[in-house]
Amino acid sequence: MAFLLQGRLPVNQDLLLMQKGMSMRKVRSKNWKKLRYFRLQDDGMTVWHARQAGGSAKPSFSISDVETVREGHESELLRSLAEEFPLEQGFTVVFHGRRSNLDLVANSVDEARIWMQGLQLLVDFVTSMDQQEWQDQWLSDWFQRGDKNQDGRMTFQEVQRLLRLMNVEMDQEYAFQLFQTADTSQSGTLEGEEFVQFYKALTKRPEVQEIFENFSADGQKLTLLEFVDFLREEQKEGDHASDLALELIDRYEPSESGKLWHVLSMDGFLSYLCSKDGDIFNPTCRPIYQDMTQPLSHYYINSSHNTYLVGDQLCGQSSVEGYIRALKRGCRCVEVDIWDGPSGEPIVYHGHTLTSRILFKDVVATVAQYAFQTSDYPVILSLENHCSWEQQQIMVQHLTEILGELLLRTTLDGLLPTQLPSPEELRRKVLVKGKKLRTLEEDLEEEEEEEELEPELEGEQEDEPELEAQFESESQKLSPRSKDKKKEKVVMCPLFCPPPCCEVMVQAPISKPGVLLFPKQKFKPSLCPSLSALVVYLKSVSFHSFTHSREHYRFYEISSFSETKAKSLIKEAGNEFVQHNVWQLSRVYPSGLRTDSSNYNPQELWNAGCQMVAMNVQTAGLEMDIHDGLFRQNGGCGYVLKPDFLRDAQSSFHPERPISPCKAQTLIIQPWLQVISGQQLPKVNKTKEGSIVDPLVRVEIFGIRPDTTYQETNYVENNGFNPYWGQTLCFRVLVPELALLRFVVKDYDWKSRHDFVGQYTLPWTCMKQGEPVLRPLANTPALAAFLTPSSCPFPGYRHIHLLSKDGTSLQPASIFVHICTREGLEGDES
């Protein structure tokens, strides 16, 4: 089946040598280093390995699974073995999603170079493949798996086995009929183009054929006018449908004569529906399309919790790989827990646990290298500093020397700002979030006047709430906003104290010059002034109440909340939380009880406008699907503009009570969603050839509490290849601006929980949009604040391309749906 990509694969000496095979060491740890024989298959798309040359081989990885190839010196593991293996002979295969990296050591520098260059060449080729090439590659992969004796042809017995592998249970007589029809050479086997024809017969789409014939006069083609009618009536493309029809025909019609005569064949029609243009996700929402010039507090910010961990919170591994993966998936706020390390070097790990340690300087170097590979918008280093004075100075040295010009060290123009800067203004800048000795005003005054000022220690530490609260109760009196309070003095301990023991203490005004008073109170470890100075726009402070924040805090100060505290505040004072998040940043982090690195649902926090809802990015699941769904838009840049009613300082929106209960009618959006069919769904249990899924589709909506719901289709027995449901589900959506839509395919199991097959999550506002519709507002003041005129989704017929639990593509697995939407007032039955 390599013939499918023949002539399109790059011809390269490295690839020819890789196809002959080479012995390399597979390295998993310092103690696990095994010699294996690796070989690139003839299809150029898969790598197999065996214990030795000529031994029984099995698949190692597919090129489509590979994200990139790194040199040996970039691997933590290979660096730790540098005395045993030269780094020049090592390299790392990095996979998409959360799959562990593959570290390999070749027998020579030349052999390592051959594999690194060859693999990267193939990765670049796969990245550039078009839709047809992906389909050909998928078909080639299946042929390889079905051709058990690898003779390049398939018997009927092998075809039967392949059908089971492909999730198809088919009547044997019908399957043999398709086999004989495709076997034009009458050889009793299928090879080359014969297998392609067999596959096409297997994958006929009667539901798409019916739609095609509804608009085609002759059932053979769609004329330009007929295709325009389809785009207007079903896809709601509006006035530009005529121009769009010409573009789509030119893009998807396979025959040159069809393009010339501006007609679309059934193959071209299906190709369009399966393409990005036929995808449910609005293509205009893929690049950066939002206003990026508003204050940071007006955006949701993709945030990671305990970023250094790639496992659990108690015994998991700490690795710079955690930062690489987080940054490359669009995280803009990463967390660093820093502690005193040996040899004077600060280390990063989860304190008071058995998690492994990594060097702080390695973390900073990783941030410098990967911070802006995915997005140019600012990266926030959330520092949890537990270091002594000396090692804080080392931290400052690493931050300033390694990050260089990337590190923001003062306000953008050197002047005192009146609001937080925008992501656009902070492009390619790294910001430090942490404690600060003084106010920003005092820092700027010192830069101008070089006056000797009295330090003030404010801040918060997630793991020391009681101590923080006690200290804040004193230090808040120093705020210039407390005009009715007598200013108190802050003094340093005597100069003869060595720096590590230096404490900062709050003291009442002294009546006589030169007399120091030391009241009884708990002292806090000192904060190095040079580290404090690196905190500009993100000064950590403890939260007491929303009233306290309004009266005492400034816009550049940020509070952190545990998930439990934040959810409690939403229930108690949801509208105040919304207004608080308009002018000041909030960071929410998982409960300390989540020692397994599980996640919480971020939606409830986003509903209140919380910007930095930190997630355990290393853990896949529903919560990360929701998180990834929101940040899939806007170029995946890590910043998503909040709805306007969450950016209004006078907003009346309450996430728990979004609509006034005294009004009888409220505006609702009612989507009708017909789940039509599925295509090439993957097997759940790949170890059992006879196991075939019984798929059902679950459609979930996440948003404000009244909008959060789900519905399911019935299951289709024993067909994961082309199941047909044809069921219509109806929903009611009150606040679409906050809603996310999740499609999940599951394998029905009457005895236990249904198994996960695939999913896709996207914001409601990122569904393919129809013509602009002026949304009628109910006679409710609360509605006017957040239900504004806009385009509403009328996607028509769309394919939803499924992702794995890990967030990687399951191409070509998809589900085919039809969605239409009606707006009206509650109680309106028209």
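These numbers were taken from a predicted model, which means no experiment stands behind them.
- A donor-acceptor pair shorter than 3.5 Å cannot be found between the side chains of Glu623 and Asn601.
- Between Lys571 and the options Glu604, Glu576, Glu656, a salt bridge (charged side-chain N to carboxylate O under 4.0 Å, His left out) holds for only Glu604.
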**OP:** Report the C-alpha separation of Glu712 and Lys746 in whole Å, then their side-chain angles, then the decisive distance to 0.1 Å, and conclude whether the salt bridge (Lys or Arg N to Asp or Glu O under 4.0 Å) test is met.
**Re:** CA-CA 10 Å; Glu712 291 180 348; Lys746 297 195 172 188; 5.9 Å; no

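- Contact record, Ser809 with Leu803: CA-CD2, 3.9 Å, taken as the closest heavy-atom pair.
- Between the Gln680 side chain and the Asn722 main chain, no donor and acceptor come within less than 3.5 Å of each other.
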**OP:** Give the intermediate values and the outcome of side chain to side chain donor-acceptor pair (under 3.5 Å) for residues Glu424 and Tyr377.
**Re:** CA-CA 7 Å; Glu424 186 64 35; Tyr377 290 110; 3.1 Å; yes

Original post:
Would Asp755 and Lys683 satisfy salt bridge (Lys or Arg N to Asp or Glu O under 4.0 Å), going step by step from the backbone distance to the final call?
Top reply: CA-CA 10 Å; Asp755 292 321; Lys683 291 174 71 73; over 6 Å; no

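- Leu673 has its side chain within reach of Val699: a pair of non-hydrogen atoms, C-beta onward, lies under 4.5 Å apart.
- Rounding to the nearest 0.5 Å gives a distance of 6.0 Å between CD1 of Ile815 and CZ of Phe743.
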**OP:** May I have the step-by-step check of side-chain contact (heavy atoms from CB on, under 4.5 Å) for Leu729 and Trp672, ending in yes or no?
**Re:** CA-CA 6 Å; Leu729 311 176; Trp672 277 270; over 6 Å; no

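- A donor and an acceptor atom, one from each side chain of Glu384 and Ser382, are nowhere located under 3.5 Å apart.
- Shortest non-hydrogen contact noted between Gly638 and Arg332 is CA-CG, 3.7 Å.
- The aromatic rings of His627 and Phe631 are tilted relative to each other, their planes meeting at an angle between 30° and 60°.
- Contact of the Arg329 side chain with the Arg98 side chain is registered, since non-hydrogen atoms from C-beta on lie closer than 4.5 Å.
- A donor-acceptor contact shorter than 3.5 Å is absent between the side chain of Gln727 and the backbone of Gln674.
- The CD atom of Glu700 sits 4.5 Å away from atom CZ of Arg698, with the distance rounded to the nearest 0.5 Å.
- Donor-acceptor pairing under 3.5 Å is recorded for the side chains of Tyr308 and Asp337.
- Within the 4.5 Å cutoff, side-chain heavy atoms of Met767 are placed close to those of Leu741.
- Side-chain N or O atoms of Arg594 include one that pairs as donor or acceptor with a backbone N or O of Asn599 at under 3.5 Å.
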**OP:** Tell me, with the steps shown, if Leu681 and Val745 meet side-chain contact (heavy atoms from CB on, under 4.5 Å).
**Re:** CA-CA 9 Å; Leu681 303 177; Val745 179; 3.9 Å; yes

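- A donor-acceptor contact shorter than 3.5 Å links the side chain of Tyr300 to the backbone of Trp606.
- Taken from CZ in Arg632 to CZ in Phe281, the straight-line distance is 7.0 Å, to the nearest 0.5 Å.
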Original post:
Could you walk me through whether Phe561 and Phe543 pass the ring pair (Phe, Tyr, Trp, His ring centres under 6.0 Å) check?
Top reply: CA-CA 8 Å; Phe561 307 84; Phe543 176 82; 4.9 Å; yes

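- Separation of atoms CD1 (Ile570) and CG (Asn575) is listed at 12.5 Å; rounding is to 0.5 Å.
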**OP:** Give the intermediate values and the outcome of side chain to side chain donor-acceptor pair (under 3.5 Å) for residues Ser677 and Glu207.
**Re:** CA-CA 8 Å; Ser677 61; Glu207 77 280 16; 2.7 Å; yes

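- Between the side chain of Thr713 and the main chain of Trp725, no donor-acceptor pair closer than 3.5 Å is present.
- The main-chain N or O of Pro378 is found under 3.5 Å from a side-chain atom of Tyr639 such that the two form a donor-acceptor pair.
- At least one side-chain heavy atom of Arg205 sits under 4.5 Å from a side-chain heavy atom of Cys274.
- You'll find the side chain of Arg325 reaches within 4.5 Å of the side chain of Asn101, heavy atoms only.
- Under the 3.5 Å distance criterion, with hydrogens and angles disregarded, no donor-acceptor pair is assigned to the side chains of Thr808 and Asp806.
- Not a single donor-acceptor pair under 3.5 Å links the side chain of Asn616 to the backbone N or O of Gln618.
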**OP:** Please step through side-chain contact (heavy atoms from CB on, under 4.5 Å) for the pair Leu273 and Phe816, ending with a clear verdict.
**Re:** CA-CA 9 Å; Leu273 287 176; Phe816 186 45; 4.1 Å; yes

Original post:
Given Phe645 and Phe653, is the ring pair (Phe, Tyr, Trp, His ring centres under 6.0 Å) satisfied, shown in steps?
Top reply: CA-CA 7 Å; Phe645 56 89; Phe653 180 77; 4.7 Å; yes

**OP:** Please assess Tyr323 against Tyr370 for the test ring pair (Phe, Tyr, Trp, His ring centres under 6.0 Å), listing each intermediate value before the final yes or no.
**Re:** CA-CA 8 Å; Tyr323 292 93; Tyr370 290 94; over 10 Å; no

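- Lys276 has its side chain out of reach of His799: every pair of non-hydrogen atoms, C-beta onward, lies at least 4.5 Å apart.
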**OP:** Kindly determine whether Tyr272 and Gln235 satisfy side chain to side chain donor-acceptor pair (under 3.5 Å), including the steps that lead there.
**Re:** CA-CA 12 Å; Tyr272 151 66; Gln235 308 300 78; 3.1 Å; yes

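- Atom NZ of Lys567 has more than 12 heavy atoms from other residues, nucleotides or ligands within 6.0 Å.
- Side-chain contact check for Leu309 versus Asp312: every heavy-atom pair is 4.5 Å or farther apart.
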Original post:
Between Asp277 and Tyr252, is a side chain to side chain donor-acceptor pair (under 3.5 Å) present by the stated rule, with each step listed?
Top reply: CA-CA 10 Å; Asp277 289 297; Tyr252 298 111; 2.4 Å; yes

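- Counting only N and O atoms by type, the side chains of Gln611 and His298 include no donor and acceptor under 3.5 Å apart.
- Using modelled atom types, one finds a donor on one side chain and an acceptor on the other under 3.5 Å when comparing Gln679 with Ser814.
- Using modelled atom types, one finds a donor on one side chain and an acceptor on the other under 3.5 Å when comparing Asn581 with Ser586.
- Heavy-atom neighbours of Tyr289 OH from other residues, nucleotides or ligands within 6.0 Å: above the threshold of 12.
- Here the side chain of Asn634 pairs no donor or acceptor atom with the backbone of Gly636 at under 3.5 angstrom.
- The environment of NZ in Lys805 is sparse: at most 12 heavy-atom neighbours from other residues, nucleotides or ligands sit within 6.0 Å.
- With hydrogens and angles ignored, the 3.5 Å screen pairs a side-chain donor or acceptor of Arg647 with a backbone N or O of Lys642.
- Taking 4.5 Å as the limit, some side-chain heavy atom of Tyr589 sits within range of a side-chain heavy atom of Ser562.
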**OP:** Report the C-alpha distance between Leu381 and Val363 in whole Å, list the side-chain angles of each, state the deciding distance to 0.1 Å, and finish with yes or no for side-chain contact (heavy atoms from CB on, under 4.5 Å).
**Re:** CA-CA 10 Å; Leu381 288 182; Val363 171; 5.9 Å; no

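- A side-chain donor from one of Asp596 and Ser598 sits under 3.5 Å from a side-chain acceptor of the other.
- Judged by distance alone, with hydrogens and angles left aside, the side-chain atoms of Thr708 form a donor-acceptor pair with the main-chain N or O of Gly703 at under 3.5 Å.
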